[in-house]
Amino acid sequence: IEDSPELRLLMDKYWNVREKTELADFDRRVTRAQGTLGTLAENGYETAPAQEKLKEIITMRTELATALRSRNNAGIELAHKKIHATSIEYARIISTLKNTVATDTRLMQTIDQGIGVMTRSGMVNINLAHSRVNTSRADELVMQGKIQILGARTLSHNGDTDGAKASLQEFSTTLKTLRDTYRAILADEDLPQATAQGVLSVAQSLD
């Protein structure tokens, strides 16, 4: 059987298909990984460690290709084990980066919401002043809140996530005090319906 020409042709076909398939699969995975790193880099994330790990994986293609061409099953298995182990290290690095991306995205969404509610609070204070309501305490809190939330945004843009979160904690305390101030105004003042509805809406947003 081993001397059969038909068998040799089938074996040649098998190894040809196997080599092309495995190397094409390897190249597709590398291309996807490079795309992921490109996206992360475009969004300002430090991808150098992941790039270095991916380079290690890419260099392993030569060992895999050599083993496939020489039809060395043991060599193929060894190459796969090396690629797999390094890919796990690469995936761990990428996972850390993606978690950072998710955290930063949530942080910026929170900051944007904070800026928005401070803008609305300032407009409510103007309406209250037109209704001859003393807004000095509310004005003070809005100013304080704006300083805190804009400070959080600056810290976040500078990469100081912990500092931004600390500033948000201070901002949260200001929001609660401002909310209670608006509730007291609603209870104590005889406001026009539209003005009262605006104050109530902002108080709910502060909640």
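Because the structure is predicted, anything quoted here is derived from the model rather than measured.
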Undergrad: Does the side chain of F171 reach to within under 4.5 Å of the side chain of L175, using non-hydrogen atoms?
TA: yes

Undergrad: Side chains of T174 and Q144 only: does a donor on one sit below 3.5 Å from an acceptor on the other?
TA: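 Judged by distance alone, the side chains do pair up.
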
Undergrad: Can a donor-acceptor pair be found, under 3.5 Å and without considering hydrogens, that links the side chain of T21 to the backbone of V17?
TA: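 Here the side-chain-to-backbone pair exists.
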
Undergrad: Taking the side chain as every heavy atom from C-beta outward, state whether R92 and I88 have any atom pair closer than 4.5 Å.
TA: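 Sidechains of I88 and R92: in contact.
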
Undergrad: Please determine whether a side-chain nitrogen of the Lys or Arg among R183 and D207 lies less than 4.0 Å from a carboxylate oxygen of the Asp or Glu.
TA: yes

Undergrad: Pairs of donor and acceptor atoms involving the side chains of residues 191-200, under 3.5 Å and at least two apart or interchain, shall be tabulated with distances.
TA:
none

Undergrad: Is it true that L150 and M143 fall in one hydrophobic cluster, defined by side-chain heavy atoms closer than 4.5 Å?
TA: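 Each belongs to a different hydrophobic cluster.
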
Undergrad: Does one hydrophobic cluster hold both I76 and Y14, with members joined at side-chain heavy-atom distances below 4.5 Å?
TA: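 Both belong to a single hydrophobic cluster.
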
Undergrad: Between S201 and R120, does any side-chain donor sit less than 3.5 Å from a side-chain acceptor?
TA: yes

Undergrad: When you check the side-chain N and O atoms of N72 and S70, is any donor under 3.5 Å from an acceptor?
TA: no

Undergrad: Assigning hydrophobic clusters by single linkage (Ile, Leu, Val, Met, Phe, Trp, Tyr; side-chain heavy-atom cutoff under 4.5 Å), is I83 placed with V30?
TA: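 In one cluster: yes.
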
Undergrad: Check whether more than 12 heavy atoms from other residues, nucleotides or ligands sit under 6.0 Å from atom CG of D190, and answer yes or no.
TA: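 At most 12 heavy atoms, drawn from other residues, nucleotides or ligands, come within 6.0 Å of this atom.
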
